[in-house]
2 protein chains.
Amino acid sequence: MRIGELSRATGVEVETIRYYEKAGLLPPPSRADNGYRAYGSGHLERLAFVRHCRALDISLADIGRLLDFLDHPEAACGDINRLVDAQLDRVRARIISLQALERQLSALRRHCDEDLQVRDCGILQELVGAARGEACTCHERGAPA
Amino acid sequence: MRIGELSRATGVEVETIRYYEKAGLLPPPSRADNGYRAYGSGHLERLAFVRHCRALDISLADIGRLLDFLDHPEAACGDINRLVDAQLDRVRARIISLQALERQLSALRRHCDEDLQVRDCGILQELVGAARGEACTCHERGAPA
DNA sequence: GCTTGACCCTGGAGTGGCTACAAGGTTTGC
DNA sequence: GCAAACCTTGTAGCCACTCCAGGGTCAAGC
Ligand SMILES: [Zn+2]
Ligand SMILES: [Zn+2]
Ligand SMILES: [Zn+2]
Ligand SMILES: [Zn+2]
């Protein structure tokens with residue numbers, strides 16, 4: 001299988017496949033006489049695994065760790081659980097901070113309905129006022145996430 | 001005001017302030033004889049505005065647009081409303097995709113409770129099976145967002 | 001035999017929003 | 001007189017790609 005076929009079989013762009021190889025997530029395939037990469041079904045399965053984990057927003061570093069586990073089936077699996085737990089914690093924290101953000105943006109949006117001059121726009125007035133510190137705590141301590 | 005004082009007054013790191021200047025969000029301040037940047041209260045207010053918008057996760061490019069509006073108070077404000085609407089849409093879409101992700105990760109997490117050998121870990125088995133296409137659609141069409 | 005187009009290769013640059021140096025100059029306090 | 005704390009510029013790194021330049025390879029069609 002050449003890289004274009006692997007790309008079509010998995011829906012992963014050719015450049016991304018080469019990037020994963022350079023990042024150590026895909027073992028370097030053998031090469032045809034002309035230098036073209038030649039993949040087998042093991043590569044396809046491994047690439048699908050990587051993409052499935054990426055769809056779960058798992059970082060490439062963590063995917064590398066999971067692949068190491070696959071290569072060491074007799075090890076203890078506790079670190080896998082902890083990896084998934086940490087991922088879940090990150091996702092939940094991000095959801096909470098985005099929900100807070102959504103509330104702030106909704107409130108902001110309600111400050112202007114019509115097509116006014118900028119000087120009269122309630123949104124901009126609110127932003128300027130909040131930045132001055134009136135009723136705003138959000139930018140005193142870092143971004144929401 | 002020197003850059004360190006502005007940094008302490010706003011809680012924004014010195015490097016970030018210089019970065020904003022290079023990005024065109026802060027006008028270049030005047031310089032003292034020794035070449036040190038010398039800021040006034042206008043800079044402080046503008047920097048606070050930038051940080052407040054960043055806390056709302058507005059991109060630097062959009063913040064630049066908002067600053068342009070501040071400099072043109074007689075323009076129509078419709079684009080401001082649209083900018084905030086687009087930001088809200090992005091945040092809401094991201095929340096929905098992260099909630100889907102949270103459900104998937106929670107379901108995944110339930111596949112292993114104990115400290116087993118990797119070969120028996122339900123999480124890893126589930127990941128491998130899903131990557132093979134058993135009951136998985138997530139990686140067929142791009143990442144969740 | 002010659003062209004066209006699809007495919008492949010490597011290596012480097014760009015994205016956003018910072019952060020972290022390196023290598024120097026300046027000021028402040030003791 | 002000297003160290004610590006400040007300032008300057010410029011560059012490189014982070015993540016996970018994405019795109020491009022500048023080439024090589026190969027099959028089909030004329
Ligand atoms: Zn999947
Ligand atoms: Zn308005
Ligand atoms: Zn704020
Ligand atoms: Zn387990």
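Order of the sequence lines sets the chain letters (A, B, ...), proteins ahead of strands, with each chain counted from 1.
Here A/Arg2 lies in heavy-atom contact (under 4.0 Å) with sugar-phosphate atoms only.
With rounding to whole Å, B/Ile17 atom CD1 is found 16 Å from C/dA20 atom C1'. The CD1-C1' distance, from B/Ile63 to C/dG16, rounds to 12 Å in whole Å. Between B/Glu5 atom CD and C/dT27 atom P the separation is 14 Å, expressed in whole Å. Distance CD1 (A/Ile3) to P (D/dT25): 17 Å, rounded to an integer number of Å. Distance CD1 (A/Ile58) to C1' (D/dA16): 15 Å, rounded to an integer number of Å. C/dA20 atom P lies 7 Å from atom CD of B/Glu13, rounded to whole Å.
If A/Asp33 and A/Tyr20 are placed on DNA chain D by their nearest nucleotide, the residue sitting closer to the 5' end is A/Tyr20. For the pair A/Gly4 and B/Ala61, nearest-nucleotide mapping onto DNA chain C gives the more 5' position to A/Gly4.
Here B/Arg31 does not reach the OP1 or OP2 of D/dC7: none of its side-chain N or O atoms lies under 4.0 Å away. Regarding contacts with the backbone of C/dT27, a side-chain N or O of B/Asn34 is found under 4.0 angstrom from either OP1 or OP2. Taking 4.0 angstrom as the limit, A/Thr16 places a side-chain polar atom (N or O) nearer than this to OP1 or OP2 of D/dT18.
Closest to the side chain of B/Glu15, out of C/dC9, C/dA20, D/dC17, is C/dA20. You'll find that the side chain of B/Tyr19 is closest to C/dT19, out of C/dT10, D/dC17, C/dT19. Distance from the side chain of B/Arg37 is smallest to D/dT8 among C/dC18, D/dA16, D/dT8. Nearest to the side-chain atoms of B/Lys22 among the listed nucleotides C/dG17, D/dC17, D/dT11 stands D/dT11. Nearest nucleotide to the B/Arg8 side chain, out of D/dC6, D/dA16, D/dT9: D/dC6. Of the candidates C/dC18, D/dA16, D/dT9, the closest approach to any side-chain atom of B/Arg18 belongs to D/dT9.
When each of B/Glu102, B/Gln104, B/Arg103 is checked for a side chain to side chain donor-acceptor pair (under 3.5 Å) with B/Ser106, only B/Glu102 meets the rule.
Partners of A/Arg65 according to the side-chain hydrogen bond (donor to acceptor under 3.5 Å, both in side chains) rule, which considers only residues two or more places apart in sequence or in another chain, are A/Asp62.
Remark: the B/Glu45 side chain and the B/Ser41 side chain contain no N/O donor-acceptor pair separated by less than 3.5 Å.
In terms of polar N and O atoms assigned as donor or acceptor, the side chain of A/Tyr36 comes within less than 3.5 Å of the base of D/dG24 in a complementary pairing.
In the hydrophobic clustering of ILVMFWY residues, with side-chain heavy atoms under 4.5 Å counting as a link, A/Leu88 and A/Leu56 come out together.
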Between B/Arg51 and B/Tyr20, does a side-chain hydrogen bond (donor to acceptor under 3.5 Å, both in side chains) hold up when you go through it step by step? CA-CA 11 Å; B/Arg51 289 310 280 189; B/Tyr20 287 163; 2.7 Å; yes
